[in-house]
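Heads up, the thing below is written out as structure tokens.
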Amino acid sequence: MEELGATCSGQNDEGQDTSPHGGEEPYDVNEGTLGVNSVMTLGDSLSRVCWGANAKDNRAYYIADTGHVVTVKPKNEANPNAAAVKKVEKFLEKWMEENSWHLRQSEVSHRCDRHGEVFDLLYYDDDGVLRVYFAEPTDLEDDPESNNQDVDPGDNPRPSEFIDLFGVRRTNDIRYRPVGYFIENDWFPDLKYIAPMGSVPSPDKLNSGKVAVQHRKRNVLSNDPRGLTIYWPVREEMIFAKKLLANLMRVSAFQAAFGAIRTINASQGADQVRSWLASQQTAGGSSGQRESFDFPAASVVTVPGTIKYEFPETGAGNSNQIEVLVALLRACAAGMKLPEFMLTANVSEGNFASTLVSEGPFHKGMKYEQYKMVTEDEVILMQALRYAASKGVEDITESDVDDIVLHTQPPEVQTRNRAEEFDFKKELWDRGELSGKTWLASEKLDRESEQAQRQSELKSELELPKGSSLATTAALPGPVAKKKTDPMKEKGVSKGNPEKITQK
């Protein structure tokens with residue numbers, strides 16, 4: 001445990017722990033993009049261990065799930081442009097299918113967790129359809145011919161207009177707006193820089209007239225040029241946990257192998273075994289040359305067989321190491337804002353109440369990640385619509401795009417106590433503080449479409465014809481049973497008046 005504290009507590013050489021762990025500068029400026037690539041490699045290695053993959057997959061299920069639901073709505077509900085809504089819906093349905101949009105959202109979530117950044121390559125094809133691809137974060141390089149590396153005012157009284165750092169070019173002013181990205185020995189322009197307010201960039205501003213980049217960053221400040229993997233704050237703890245588990249498996253394997261050693265003869269010593277082996281010589285051995293021996297499993301006996309071995313118990317001491325491993329993973333889960341069972345896959349140390357408490361911060365974090373993905377995705381979707389309108393694809397016009405708005409509904413981050421959540425919303429609705437439309441929207445339902453569907457269902461219901469035998473027994477499930485009379489239960493018989501029984 002002392003070694004664990006020395007290697008994983010973030011202490012410096014003097015043994016002090018005054019700075020927050022993980023708050024140091026993650027990139028070495030002198031190394032350039034090599035320092036960034038080392039962080040990317042760290043995210044790759046940690047996402048390939050069992051608990052890292054578990055955490056990454058769980059976050060993807062909450063953030064993206066099977067895909068966000070995009071609905072096209074008219075901008076002016078009082079005077080809607082129904083034709084524009086229909087044309088845009090038709091185009092987006094085909095466009096999202098062609099670009100495998102829902103699968104892409106899951107991959108974006110995986111990449112954000114593993115690398116901390118995603119580079120969307122937007123390819124403006126000649127047919128008017130915007131196509132999207134990925135650029136790998138490790139593909140960014142430092143431009144060897146850049147004149148924007150040294151911007152120290154002491155050395156240069158008139159610094160450059162831009163600054164290049166870690167493969168990203170930014171404005172050298174107080175805003176630090178990203179301008180471009182150096183990928184595969186070429187600069188690719190930033191979409192937001194060349195297309196403000198959602199306009200389509202002109203061909204002369206695009207790389208080779210067709211390509212722009214949208215950069216998604218995670219776990220960093222807005223002024224940081226690159227993103228950070230989600231594992232960065234707990235990297236040392238997870239690396240130690242990985243080593244601990246590897247050593248645990250090696251020790252267990254050694255104990256099992258050592259415990260399998262057996263003697264071949266329990267009553268004879270080494271001399272008797274050698275004599276027996278000599279008698280098992282091949283034909284060539286009769287000439288005085290011993291070429292081979294047929295050794296029985298599993299070893300040569302070098303001591304008398306009367307000696308009894310005491311082998312270590314297989315798995316001895318593993319429980320203590322597993323406790324340390326679980327404690328490390330629980331600390332990592334807290335640092336990553338995850339419920340502990342999502343990282344440890346162990347629910348034995350939590351109960352229902354503690355699980356609800358631990359999921360509270362996680363739900364807020366997931367909704368924040370969903371909001372960021374929605375805003376970033378809608379930028380690409382609007383680019384696809386405006387570019388199609390500029391080329392006249394599917395008869396879409398600029399006015400059609402101006403007359404619609406996109407409503408993106410991410411998957412619901414569900415709580416475990418759904419009944420309590422319903423009672424809370426019901427209380428707000430009873431007090432008149434929550435509308436039915438908003439309530440249905442929280443359940444991924446649209447009030448207008450549901451009401452229209454309900455009316456169509458009511459019209460399709462058939463009324464029972466008058467005089468039908470089913471009209472009096474409509475509430476009874478199944479076929480109508482035949483009526484069986486019991487004379488002993490008829491009126492009169494039960495009162496002791498048999499004469500009142502109807503004579504047939």
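Nothing here was measured: the structure is a model prediction, and the numbers come from that model.
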inquiry  = Main chain of Asp402, side chain of Lys75: is a donor-acceptor contact present, judged purely on distance under 3.5 Å?
reply    = yes
task = Would you sort out whether Glu369 and Arg59 count as a salt bridge (charged side-chain N to carboxylate O under 4.0 Å, His left out), showing the intermediate values?
result = CA-CA 9 Å; Glu369 294 286 344; Arg59 284 173 54 87; 3.6 Å; yes
query = So, Asp44 and Arg114, do they make that salt bridge, N to O below 4.0 Å?
reply = yes
inquiry  = Looking at Glu97, I want to see if its CD is surrounded by more than 12 non-hydrogen atoms of other residues, nucleotides or ligands under 6.0 Å.
reply    = no
key: His68 and Gln409 side chains, donor-acceptor separation under 3.5 Å   = no
Side-chain ion pair, Lys372 and Glu376, N-O less than 4.0 Å = no
inquiry  = Any salt bridge linking Lys86 with Glu89? Criterion: basic side-chain nitrogen under 4.0 Å from a carboxylate oxygen.
reply    = no
query = Quick one: are Thr171 and Tyr193 in side-chain contact, heavy atoms under 4.5 Å?
reply = yes
task = State whether a side-chain donor-acceptor pair under 3.5 Å links Ser106 with Ser109.
result = no
ask   = Pick one: which of Tyr181, Tyr27, Phe166, Tyr176 meets side chain to side chain contact (heavy atoms under 4.5 Å, CB included) with Pro225?
value = Phe166
inquiry  = Set out, in order, the CA-CA distance, both residues' side-chain angles and the distance that settles salt bridge (charged side-chain N to carboxylate O under 4.0 Å, His left out) for Asp127 and Lys391, then state yes or no.
reply    = CA-CA 8 Å; Asp127 58 0; Lys391 298 292 184 178; over 6 Å; no
request  = Could you tell me whether the side chain of Asn54 and the main chain of Met342 form a donor-acceptor pair under 3.5 Å?
outcome  = yes
request  = For Arg330 and Phe341, indicate whether the former's side chain and the latter's backbone hold a donor-acceptor pair under 3.5 Å.
outcome  = no
message = Less than 4.0 angstrom from a charged side-chain N to a carboxylate O is my criterion; do Asp446 and Lys73 meet it?
response = yes
request  = List the steps, then state whether side chain to side chain contact (heavy atoms under 4.5 Å, CB included) holds for Asn172 with Asn148.
outcome  = CA-CA 9 Å; Asn172 190 23; Asn148 305 315; over 6 Å; no
key: Parallel, tilted or perpendicular: ring planes of Tyr133 versus Tyr123, cut at 30 and 60 degrees   = perpendicular
ask   = Has the side chain of Trp95 got a donor or acceptor atom that lies under 3.5 Å from a matching backbone atom of Leu130?
value = yes
query = Quick one: does Lys217's side chain have a donor or acceptor within less than 3.5 Å of a partner on Asp224's backbone?
reply = yes
query = Aromatic rings His363 and Tyr62: how do their planes relate, parallel, tilted or perpendicular, breaks at 30° and 60°?
reply = tilted
ask   = Are Trp439 and Phe422 near enough that their ring centres are under 6.0 Å apart?
value = yes
query = Is NZ or CZ of Arg104 both nearer than 6.0 Å to the six-membered ring centre of Phe134 and within 45° of the ring axis?
reply = yes
